[in-house]
Each structure stands twice: as C-alpha cells, then as structure tokens.
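For ligands, and for the atoms within them, numbers begin at 1 and follow the listed sequence.
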Amino acid sequence: MDPISILKGKRIVLGVTGSIAVYKAVDLASKLTQAGALVDVVMTAAAREFVMPLAFQAVTGRVVYTDLWHAESGDGLPTHIAHVGLGEGADLFAIIPATANTLAKLAAGLADDLISVTALANRAPLMVAPAMDGGMYSHEATQANIATLLSRRVTLIEPEIGRMASGLEGRGRLPETSQLMGEIRRALGKSGALKGRRVVVTAGGTQEPIDPVRYITNRSSGKQGYAIAQAAVDAGAEVVLISTVDLPIPVGVQLQPVRSADDMLRVTTAQAALSDALIMAAAVADFTPEVVAEHKIKKQDGQSGLALELKRTADILGEISAHKQEQPRVTVGFSAESQDLLDNAQSKLMRKGLDFIVANDISAADAGFAVDDNRVVVLTRAGERVEYPLQSKTAVAEMIVGRVAGLLAAQG
Ligand code: CTP
C-alpha cells in the first residue's frame, strides 16, 4: 500500500476489545502503518483471548499496551502514565472493534482497564466501531449507550448487516478494512483546508446511447476524478461525485451516477449551483446520436454499413460558468490533448471562464487515460503556468484540491 498524505505521521491510538472481529483490526493496523500512520495499539484482556499482542506489534513495529498496572519493558511508555501519555498528542483514538461491554463502560465513564481509562484521559477525537451479535447490538441497553456516546460527539462506524460468527444474520459485523480506513481518513480530515466547503467533482467518460444496448464512449477511466473526490474528503469537504463509472466510492462521498452528457449537464448544473467549487474531470462527449433507436438496431441482409448522425452536446463547464450567480465560486477544467497542448488549454481556460485548467498530453503512453499516473501543466486565469513532473493521480488530485482551497480562502 502506498503512503496516504492524510495518514502520514498521524498518531492513532487503536483500542482493540474482545470480539472475533479482532482479526480485522490486525489488518487495519497493518494498512494504517503502511500508509504512514503511527499506530499505538491498546488491547483488553478479552481481545488477547483472540489474538496475541505480538500480532499487532509485528504489523505496527511499536509496543502494544495491555496492562494498566504493570510497567512496560522496552521502548513503550511506562504504563503507570500510559493512560495519559497514549492520549496525549494523539490525532485519533479509535476503538475497533468495540464490544457492548466497552461501549457501556465508555457511556458510563467507567475506568477499569487501559482502554476505558485512556478514553477518559484522552482529548483526541474518539471513534468507535461496534462489532457484536445482532441481538446485542439492537438491544436497547446498547442502543442507549450509543446514543449517549453520539451526544458527546463520538464518531460511530455503524456495523454492517451480514452473517455473524454465530451463523445468524443481523447488524453487528465490523466493516471491511477499506471502509474503516475511509472512515479514519474522513475523521482526520474534518478540520482540513476545505472544512465547511461543498465541492462537486465529475468523473469518467460519458455514454451516448445509440439504441437500448449500445453507446458511444471514450477511454477515460474516471480514476483522476475519484482521486480528486478522495483528496477533497481528506481536506474536510462535503463532496458530490457525478460519475459514469463503477469504481469504489470513497467514504464520505455522495455519489450521483449518470450516463450521458445530457444527464451530466442536468445533475452538474443543479449541484454546482449549491457548491463552492466545481472540478470537471469527466471526459464529456462533444457529440451524441441525433436519435436514439427505440429498439436494438438489427443488421439487414446485404447492408454494407450504417451511418449515424450526431449532434453537438452542451458544453457543461462553459454553460455553468456563463450563467453562474454566486456559486460555484471556483471552476476548474481539464484539457486532454494529443497536440498543441498549451495553446488549446489556454483557449479553453479563457473560453470556459475557468479559474484554472489542468492540461495533460493523452498521447503519452505513461500518463493520462486509464493509467495510474499523470503529467500535467496547470494554467491559471491569473496567467501562471506550472509544469508538474510525472506523478500519481493521487498527487495530482492533492495539488488540485490544494489550489482550490487556496482560491476559496483568498475569496474569504
Ligand atoms: N467539457 C464540458 N462539456 C463538454 C465538453 C467538455 O464540460 N461538452 C469540459 C471537460 O470536462 C473538461 C473541459 O471541458 O473539463 C475541456 O474538455 P475537452 O474535451 O478537453 O475540451 P472540449 O471543450 O471538448 O474542446 P475540444 O473539442 O476543442 O477538445
């Protein structure tokens, strides 16, 4: 797993309590560490019945805390102050999985093990991910404890519905690691540079229908748009992603699926009017079939070809820029070119009235459509031109989001 900027150098205290889902917490601790976080694991005695502390120590490379009463040997904090020291300077205290027993202790303010004591001493944001039998989760005692925790602004990761260890179906399963990572990213990003901002991102190539089973599209994978949506969540924004493709949806993103340029025009115009920024990473078709056949087009005996008449689509960015009132306050476009990159990008920047445009040469084999890297040049309305080296679409996304945050901050 590649480093993740929002997790890099962040200190996460991971409280692990006694549920069969402990094995998923080992994977989570591993992924967080690989992404660059410093993960201090605290385990209850019940958690240690399922997994040895050594498993967490091996994946985090750090001391695992288990005991309130005995001093740790090695490099860890002596545990007589661990309950204070662990929480101090932590960016997040995440209890994953959290049992019914631990939720009850947290709600009541009990302090009889290292996790519950740390929870009281700690001033970092607290997150809990309950995992238990469905009947225990839905029990009114557990629900009342959760309501108490929510009233104290604890972040709850709702368990999923599915098959439980007991063989029964119910709500109580710990979500998969990718979901947990997304929730942690969102929690850490909450106070980022786009806090309180609403950002609309479009992604993917539009699909222009010919008949009920066929359409015209292009090679855009949508990866750059999804990376921008994730970077905007990491920066604390509320994010609406208008997409034609089926990629994993970043946690915290509100997805609006669309297909054609016409759909995208309608949804994007409505969303952009309610938002601070519009980032148009979608590859919108410039032409669409004049008529969509009602039934599947059948070939005829002896027919040598088929002519399709196409008509122009609306320029989504151009129309939104031309007609916008107060919002969106910042508009960003992409310019995918196979020749005359800078001239074409410059004319689109002006014609579409954008704050900046991200130009990339799609004829290069190592960058652009359908690959994980991109080499871009940014041209701004203010006349700036910055050439970036070949870098991941994630890095490009963070650069774009950083610029949007800067422009919004400058507008006040
Ligand atoms: N775009 C749009 N609506 C369209 C076409 C493009 O909003 N109908 C947006 C794209 O999402 C991108 C920017 O405009 O952010 C430039 O797209 P591009 O396809 O490179 O340019 P076009 O406007 O299609 O111009 P050309 O035909 O000259 O390439």
Side-chain angles (χ1 to χ4, degrees), residues 199-209 215-229 231-232 240-245 256-273 275 277-290 310-324 327-328 330-364 367-370 374-381 393 396-397 399-401 403-404 407:
V199 174
V200 176
V201 183
T202 64
T206 60
Q207 301 168 2
E208 306 307 320
Y215 56 79
I216 303 171
T217 190
N218 58 63
R219 293 187 193 282
S220 169
S221 63
K223 285 181 179 175
Q224 185 65 75
Y226 277 65
I228 295 167
V240 178
L241 176 62
I242 301 168
S243 167
T244 62
V245 295
Q256 296 265 350
V258 295
R259 286 173 192 258
S260 65
D262 205 38
D263 283 348
M264 190 173 276
L265 171 69
R266 200 170 23 80
V267 177
T268 309
T269 306
Q271 291 292 344
S275 303
L278 168 63
I279 306 172
M280 258 325 269
V284 186
D286 292 323
F287 297 95
T288 191
E290 179 82 53
L310 305 179
K311 61 178 182 191
R312 283 285 297 271
T313 56
D315 179 347
I316 302 174
L317 250 185
E319 294 220 345
I320 291 175
S321 284
H323 300 118
K324 73 175 185 179
Q327 290 183 303
V330 169
T331 49
V332 179
F334 274 73
S335 183
E337 306 293 344
S338 58
Q339 56 188 4
D340 301 329
L341 179 70
L342 297 181
D343 286 349
N344 281 327
Q346 180 65 32
S347 89
K348 284 175 197 175
L349 170 73
M350 304 316 286
R351 198 171 70 230
K352 299 184 189 232
L354 308 175
D355 291 275
F356 67 92
I357 194 156
V358 183
N360 64 332
D361 180 352
I362 50 163
S363 61
F369 278 10
N374 218 348
R375 186 186 294 108
V376 302
V377 182
V378 168
L379 304 178
T380 72
R381 192 210 304 254
K393 286 185 173 171
V396 172
M399 175 275 288
I400 293 168
V401 163
R403 281 183 172 272
V404 168
L407 287 167

Between ligand 1 and [X], is the shortest N or O to N or O distance under 3.5 Å?
| X | answer |
| --- | --- |
| L317 | yes |
| K352 | yes |
| E337 | no |
| A282 | yes |
| A314 | yes |
| V284 | no |

Test item: [X] side-chain N/O and [Y] main-chain N/O as donor-acceptor pair under 3.5 Å:
| X | Y | value |
| --- | --- | --- |
| Q207 | R259 | no |
| Y226 | S221 | no |
| S347 | N344 | yes |
| N360 | I362 | no |

Handout entry: Test item: side-chain donor near acceptor, D361 and S363, under 3.5 Å
Key = yes

Fill in the blank from the handout: Note: ligand 1 atoms sitting under 4.0 Å from heavy atoms of S335 are 20 (O)

Exercise for the section: Any atoms of ligand 1 less than 4.0 Å from a non-hydrogen atom of G333? List them with their elements. Expected result: 15 (O)

Handout entry: Sub-4.0 Å heavy-atom contact, R351 with ligand 1
Key = yes

Handout entry: contact_flag E319 ligand 1 heavy-atom lt 4.0 Å
Key = no

Using a 4.0 Å heavy-atom cut-off, say whether [X] meets ligand 1 through its side chain, its backbone, both or neither.
| X | result |
| --- | --- |
| T313 | side chain |
| A261 | neither |
| D315 | both |

Which protein heavy atom lies closest to [atom], and at what distance to 0.1 Å?
| atom | value |
| --- | --- |
| atom 12 (C) of ligand 1 | F334 O, 3.1 Å |
| atom 3 (N) of ligand 1 | I316 N, 3.0 Å |
| atom 20 (O) of ligand 1 | K348 NZ, 2.7 Å |
| atom 27 (O) of ligand 1 | D286 OD2, 3.3 Å |

Practice task
Go through the steps for E208 and T206 under the test side chain to side chain donor-acceptor pair (under 3.5 Å), then give the verdict.
Solution key: CA-CA 6 Å; E208 306 307 320; T206 60; 2.8 Å; yes

Exercise for the section: Answer yes or no: are there more than 12 heavy-atom neighbours, outside R219 itself, under 6.0 Å from its atom CZ? Expected result: no

Problem - Other residues, nucleotides, ligands: >12 heavy atoms within 6.0 Å of D262 CG - result: no

Practice task
Taking the side chain as every heavy atom from C-beta outward, state whether F334 and V376 have any pair of such atoms under 4.5 Å apart.
Solution key: no

Handout entry: Any side-chain heavy-atom pair of I357 and V378 under 4.5 Å
Key = no

Practice task
State whether any protein heavy atom lies less than 4.0 Å from atom 17 (O) of ligand 1.
Solution key: yes

Exercise for the section: Look at E290 together with R312 and state whether they make a salt bridge at an N to O cut-off of under 4.0 Å. Expected result: no

